[in-house]
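The figures that follow rest on heavy atoms only: side chains count, while hydrogens, waters and symmetry mates do not. As the structure is a computational prediction, the values presented were derived from the model and not from experiment. Residue numbers count from 1 along this sequence.
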Amino acid sequence: PNKTAVKNAKYVFKNGTIEAADENNVIYWEENKSMKIYAYYPYDTTDNAGEETAHLFTIETNQSTPKDYYGSDFLRAESEGIAKTSSPVR
C-alpha cells in the first residue's frame with residue numbers, strides 16, 4: 001500500500017527560492033526511494049488539504065474585485081518518481 005511520508009508541508013517563496021516554512025516542514029528523502037509529490041497553492045490547513053485524489057476548494061462566484069478574483073486562485077501539480085537530488089523538483 002501507498003504510504004504518505006509527509007502530508008501538507010508548508011513551503012514559502014523567500015529570497016528568490018522555495019524553502020520550508022520552518023524546521024517542522026522540511027522533507028527528508030528515504031535513502032534509495034523515490035517519491036510522488038503533490039503541490040498546491042495557496043497553502044491550506046483544512047482536513048483534506050494535500051490529499052492525492054481530492055482537495056476541496058471554493059471559488060468566489062463574483063470575482064469583480066481584486067480580493068475575490070485573487071482569492072479564487074488555486075494551483076495544483078503532481079510529479080512521481082522523484083529521486084533524492086540537490087536539484088529543484090520540476
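Contact record, Tyr11 with Ile18: CB-CG2, 3.9 Å, taken as the closest heavy-atom pair. Nearest approach of Phe57 to Pro42, heavy atoms of both residues: CE1-CD, 4.4 Å. In plain terms, the two heavy atoms of Thr45 and Asn8 that are nearest each other are CA-ND2, 4.1 Å.
Between Val12 and Tyr43, every side-chain heavy-atom pair lies at or beyond the 4.5 Å cut-off.
Taking CZ of Arg76 as the start and OH of Tyr40 as the end, the distance is 10.5 Å to the nearest 0.5 Å. Atoms OH and CD, from Tyr69 and Glu60 in turn, are 13.5 Å apart once rounded to the nearest 0.5 Å. Here the straight-line distance linking atom CD of Glu19 with atom OG1 of Thr17 works out to 4.5 Å at 0.5 Å rounding. Separating the NZ atom in Lys10 from the CG atom in Asp22 is a distance of 8.5 Å, to the nearest 0.5 Å.
Phe13 and Tyr70 fall into different hydrophobic clusters, where Ile, Leu, Val, Met, Phe, Trp and Tyr are joined by side-chain heavy atoms under 4.5 Å apart, directly or via other members.
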